[in-house]
J.: 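I have a structure I would like to understand better, so I am pasting it below and will then ask my questions one at a time.
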Amino acid sequence: MNLQNYYWYFSNVLSHKFCDEVVKYGKTHKENIALTGGFDDKKELTKKELKNLQKIRNSNIVWMNDSWIYKEIIPYVKLANKNANWNFDWDISEQCQFTKYSPGQYYGWHCDSYEIPYNRPDSPEEHGKIRKLSVTCSLSDPSEYIGGELEFNFNNPKKSKKENIKKCLEIMPKGSIVVFPSFVWHRVCPVKRGTRHSLVIWNLGYPYK
């Protein structure tokens, strides 16, 4: 799919109070090891599986499903979908993923969409749908950490490898939001110092026609 815009951003739109409340709320919950495709259905990982997972992803997460969080963020997803001229049909959001990246933690190159639609007959609102729009919110001030940059890979064969990789500086300010199609490849570089907190939401719709 050819895109005019690979991502759309909003700088400093979430109040610092809101960001701090999400971080505080997240800290009241038990953290889990962040999983990725191939490990999602595992209740416990062997040492070998954990080692293989951490070659791809190493971070800690908390799941949230609170209306006061969606209320603040979803309007920007809708606006980005329109402003970026994606105009994707979507109608439901998954749980929010509160993520903590400590020194040495990262998430390698990946895209958020899966190869096939969700097979979740027990969840009719999600069954048969795919991830269409991803949103990342910065909850930390950039002075609180070093590293942890969000980067995109546009995989455009007409451009060089260097030209395809874009460091998303627009997400750096606390309270900023970046929305992008879930099939766009991206990564979070290793945090070198401090702690980076973020919030991610995936938004679903039926497969593209």
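Here the structure is a predicted model, which is why all the values come from computation and not from measurement. When reading the values below, keep in mind they use all heavy atoms of this one structure, side chains included, and skip hydrogens, waters and symmetry mates.
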J.: Is the shortest side-chain heavy-atom distance between His110 and Asp112 below 4.5 Å?
T.: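 Heavy-atom side-chain distance check passes, below 4.5 Å.
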J.: Pick one: which of Glu126, His127, Glu125 meets side chain to side chain donor-acceptor pair (under 3.5 Å) with Arg120?
T.: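 Exactly one candidate clears the test, Glu126.
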J.: Looking at residues at least two apart in the chain, or sitting in another chain, which of them share a side-chain contact (heavy atoms from CB on, under 4.5 Å) with Phe88?
T.: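 Applying side-chain contact (heavy atoms from CB on, under 4.5 Å) to Phe88 gives Met1, Asn81, Trp86, Lys132, Leu133, Pro181, Phe183, Tyr208.
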J.: For residues 67-80, tabulate all N or O donor-acceptor pairs below 3.5 Å that involve a side-chain atom, not counting sequence neighbours.
T.:
unit_1: Tyr70; atom_1: OH; unit_2: Asn65; atom_2: OD1; d: 3.0
unit_1: Tyr70; atom_1: OH; unit_2: Glu94; atom_2: O; d: 2.8

J.: Taking the side chain as everything from C-beta on, heavy atoms only, tell me whether His186 gets closer than 4.5 Å to Thr136.
T.: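 Side-chain contact under 4.5 Å: no.
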J.: Shortest non-hydrogen contact from Asn12 to Pro173?
T.: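 Smallest heavy-atom distance, with atoms named: OD1-CB, 3.3 Å.
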J.: Work out which heavy atom in Ser176 is nearest to a heavy atom in Ser11; give both atom names and the distance.
T.: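 Closest approach of Ser176 to Ser11: OG-CA, 3.5 Å.
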J.: Mind listing the closest non-hydrogen atom pair of Ile92 and Lys129 along with its distance?
T.: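 Scanning both residues, the minimum pair turns out to be CG2-NZ, 4.1 Å.
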J.: Hey, do the aromatic rings of Phe152 and Tyr6 have their centres closer than 6.0 Å?
T.: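 Centroid distance Phe152-Tyr6: not below 6.0 Å, so no.
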J.: Quick one: closest heavy-atom pair of Ser140 and Tyr145, and the distance?
T.: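 Here Ser140 and Tyr145 meet closest at CB-CE2, 3.9 Å.
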J.: Search all heavy atoms of Cys96 against all heavy atoms of Leu199 and return the closest pair with its distance.
T.: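 Closest heavy-atom pair between Cys96 and Leu199: CB-CD1, 4.0 Å.
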J.: Taking side-chain hydrogen bond (donor to acceptor under 3.5 Å, both in side chains) as the definition, give me every residue that meets it alongside Asn58, ordered by chain and number, with sequence neighbours left out.
T.: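 Partners of Asn58 under the side-chain hydrogen bond (donor to acceptor under 3.5 Å, both in side chains) test: Gln105.
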